[in-house]
Amino acid sequence: MYPLIPPLPDTLQVEVTSACNLRCAMCLVRYKPPVNRLTGAMGMDMFRALLADLPRLRQLTLQGLGEPLLSPHLLDMVRLAHGRGARVGFNSNATLLTRKRAREFIDAGLDWLHVSLDGADAETFEAIRDGATFDTVVGNLAGLVAAKQDAGSDTPWVRVVFVAMRRNVAQLPDLVRLLAGVGVSELRVQNLSHTFDDTDPSGAYGEIREYAAEQALWTAPDLELAERSFAAALAAADAAGLTLRLPRLAPAPAPAAEAAPGRPGCTWPWESAYVTSAGVVQPCCMVMGDDRVALGRLDEAGFAEIWAGPAYQEFRRKLSHGQRPPTVCEGCSLYRGTF
């Protein structure tokens with residue numbers, strides 16, 4: 001059922017740029033040197049070749065560690081994917097999402113746009129999203145909703161994403177009420193994506209590993225606060241008619257690999273892939289850092305060749321039932337069932 005060389009995927013995630021205008025506390029970008037907007041962008045030639053290698057592509061996510069709106073090619077990428085019949089969307093910090101740009105993406109056929117908003121007031125949000133202004137982001141979010149209404153369009157579907165941490169989880173009920181007032185009808189809450197326990201505590205990932213240990217809800221002594229906040233947020237969402245998705249607060253009782261006989265601990269490497277702006281092919285976006293896992297490079301081989309290559313096969317074998325997963329997967333929130 002899960003062969004080492006599956007059919008080419010029909011979903012894909014592409015980091016269109018590694019450049020970002022923020023230095024968010026929980027993001028790897030904060031702990032690395034800044035990336036130039038032009039040199040950090042994936043070029044259109046590589047993007048076109050990648051899509052040409054995937055004739056079955058039906059869903060494309062254009063995001064990674066960088067801010068997609070910094071890519072000079074983003075609108076063209078959306079149009080190209082939409083023209084091929086694929087559903088396409090991305091996540092944004094919305095600092096650059098002016099009403100004009102919102103209208104452009106509506107006209108281009110963007111299917112979804114997720115906006116990161118990790119607080120219900122300026123003090124909390126701006127301390128986390130270093131470089132952003134709370135009022136600007138909320139205003140741009142409201143402008144996106146209004147632009148959709150003006151265009152009479154059902155798309156892009158707008159969802160807000162909230163990364164829950166010890167420092168902001170108490171604000172979740174207030175955020176639900178804020179979004180309801182803006183006209184957003186869905187909020188997705190997620191935990192930090194990775195523990196980084198597989199890295200050297202004193203190495204290049206030391207700072208983000210320390211941050212995850214300090215802020216992750218599954219290691220916090222005050223889980224009762226998070227549970228109360230989740231319950232209050234659910235009540236507020238129910239009253240407002242807002243869809244709210246909450247994560248688990250603790251790892252699943254058993255590893256995901258044991259969820260069903262013969263089912264891998266994570267099926268992503270069989271069903272999709274993540275490609276960095278430099279063309280490094282990785283099993284998923286949860287890895288964070290193209291030096292942690294590289295299954296191939298698009299400047300050395302085509303995607304189809306990489307997908308069927310020995311590095312991918314070995315990665316899938318390690319995720320198969322009864323095997324210990326790759327080390328990088330052990331601290332992953334998706335693998336642990338807490339994302």
Side-chain angles (χ1 to χ4, degrees), residues 8-17 41-42 44 46-117 137 140-163 179 182-190 241-245 267-268 271-277 284-286 303 334 339:
L8 286 169
D10 60 6
T11 66
L12 185 70
Q13 182 167 343
V14 177
E15 179 187 56
V16 295
T17 180
M42 175 182 282
M44 284 300 294
M46 178 178 286
F47 183 76
R48 289 190 189 96
L50 176 58
L51 263 58
D53 243 353
L54 294 166
R56 298 173 52 245
L57 188 67
R58 64 174 180 81
Q59 181 163 307
L60 179 64
T61 302
L62 298 175
Q63 70 192 54
L65 287 176
E67 166 52 44
L69 291 174
L70 285 175
S71 168
H73 312 299
L74 181 61
L75 196 58
D76 289 335
M77 290 173 168
V78 171
R79 289 172 176 147
L80 181 60
H82 179 74
R84 287 172 47 105
R87 296 185 69 253
V88 59
F90 59 89
N91 192 99
S92 173
N93 61 40
T95 57
L96 305 173
L97 189 63
T98 62
R99 184 75 70 94
K100 177 179 180 292
R101 298 208 74 182
R103 287 195 298 267
E104 289 174 342
F105 285 109
I106 292 168
D107 293 342
L110 190 71
D111 289 285
W112 76 89
L113 204 165
H114 299 169
V115 172
S116 297
L117 193 55
V137 172
N140 287 348
L141 179 60
L144 172 62
V145 173
K148 277 182 57 181
Q149 293 172 344
D150 291 346
S153 177
D154 293 330
T155 57
W157 178 254
V158 179
R159 170 193 286 169
V160 164
V161 178
F162 176 94
V163 180
L179 296 181
V182 168
V184 174
S185 58
E186 183 174 353
L187 171 62
R188 178 189 175 96
V189 180
Q190 64 187 50
L242 182 144
T243 300
L244 175 62
R245 182 270 186 192
T267 59
W268 199 325
E271 299 167 352
S272 187
Y274 177 76
V275 182
T276 74
S277 59
C284 68
C285 67
M286 305 293 281
F303 181 86
L334 197 60
F339 192 61

- side-chain contact (heavy atoms from CB on, under 4.5 Å) assessment of Q59 paired with W112: CA-CA 11 Å; Q59 181 163 307; W112 76 89; 3.7 Å; yes
- Task: In sequence, state the C-alpha distance, the side-chain angles, and the governing distance for S185 and L242, and then conclude on side-chain contact (heavy atoms from CB on, under 4.5 Å).
- Result: CA-CA 5 Å; S185 58; L242 182 144; 5.5 Å; no
- Message: Run the side chain to side chain donor-acceptor pair (under 3.5 Å) test on E15 and S277 for me, step by step, so that the C-alpha distance in whole Å, both residues' side-chain angles and the decisive distance to 0.1 Å come before the verdict.
- Response: CA-CA 5 Å; E15 179 187 56; S277 59; 3.3 Å; yes
- Go through N93 and V137 one step at a time and tell me if the side-chain contact (heavy atoms from CB on, under 4.5 Å) criterion holds. CA-CA 8 Å; N93 61 40; V137 172; over 6 Å; no
- Query: Step by step, would you call L97 with L144 a side-chain contact (heavy atoms from CB on, under 4.5 Å)?
  - Reply: CA-CA 8 Å; L97 189 63; L144 172 62; 4.0 Å; yes
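Here the side chains of L141 and V158 are in contact, with some heavy-atom distance below 4.5 Å. Within the 4.5 Å cutoff, no side-chain heavy atoms of S116 are placed close to those of V163. R159 places none of its side-chain heavy atoms less than 4.5 Å from the side chain of L187. A heavy-atom distance below 4.5 Å is found between the side chains of L117 and L179. With a 4.5 Å cut-off on side-chain heavy atoms, V161 and Q190 count as touching.
The line from CZ of F90 to CZ of F105 is 4.5 Å long, rounded to the nearest 0.5 Å. How far SG of C284 is from OH of Y274: 9.5 Å, rounded to the nearest 0.5 Å. Atom CG in D107 sits 9.0 Å away from atom CG in L75 (nearest 0.5 Å). Separation of atoms CE (M77) and OG (S71) is listed at 5.0 Å; rounding is to 0.5 Å. The CG atom of L62 sits 9.5 Å away from the CE atom of M42 when rounded to the nearest 0.5 Å. Between M286 atom CE and W268 atom CH2 the span is 7.0 Å, to the nearest 0.5 Å.
Residues V115 and A94 approach most closely at CG1-CB, 3.6 Å, considering heavy atoms. Closest non-hydrogen pair, M44 versus L80, comes out as CE-CD2, 4.4 Å. The two residues A41 and P72 have their closest heavy-atom pair at CB-CD, 3.8 Å. Heavy atoms only, all atoms of each residue included: L12 and A273 are closest at CD1-O, 3.6 Å. Of all the heavy atoms in S92 and L113, the pair that sits closest is CB-CD2, 4.1 Å. Annotation for A86 and L57: closest pair CB-O, 3.9 Å, computed over non-hydrogen atoms.
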Could you go through residues 47-56 and list every donor-acceptor pair under 3.5 Å that involves a side-chain atom there, pairing it with any protein atom two or more places apart or in another chain?
| from | atom 1 | to | atom 2 | distance (Å) |
| --- | --- | --- | --- | --- |
| D53 | OD2 | F303 | N | 2.9 |
| D53 | OD2 | A304 | N | 3.3 |
| R56 | NH1 | L8 | O | 2.2 |

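Residue pairs meeting the salt bridge (Lys or Arg N to Asp or Glu O under 4.0 Å) criterion with at least one member in residues 60-77, sequence neighbours excluded, are D76-R79.
Using a cutoff of 4.0 Å between basic side-chain nitrogens and carboxylate oxygens, R99 and D150 are scored as salt-bridged.
Counting only distance, with no hydrogens or angles, the side chain of S153 and the backbone of T155 share a donor-acceptor pair below 3.5 Å. In this structure, the side chain of T11 engages the main chain of E271 through a donor-acceptor pair within 3.5 Å. Proximity of a side-chain donor or acceptor of Q13 to a complementary backbone N or O of Q63 within less than 3.5 Å is detected. For K148 (side chain) and P156 (main-chain N/O), a donor-acceptor pair under 3.5 Å exists by modelled atom type. Panel note: side chain D111, backbone G89; no donor-acceptor pair is recorded below 3.5 Å. A donor-acceptor pair is defined here as one N or O able to donate and one able to accept, closer than 3.5 Å; such a pair exists between the side chain of R245 and the backbone of V189.
Around the NE2 atom of H82, the shell of radius 6.0 Å holds no more than 12 heavy atoms that belong to other residues, nucleotides or ligands.
Side-chain contact, T98 with N140: no donor N or O sits under 3.5 Å from an acceptor N or O.
By the salt bridge (charged side-chain N to carboxylate O under 4.0 Å, His left out) test, R188 pairs with no residue at all, sequence neighbours left out.
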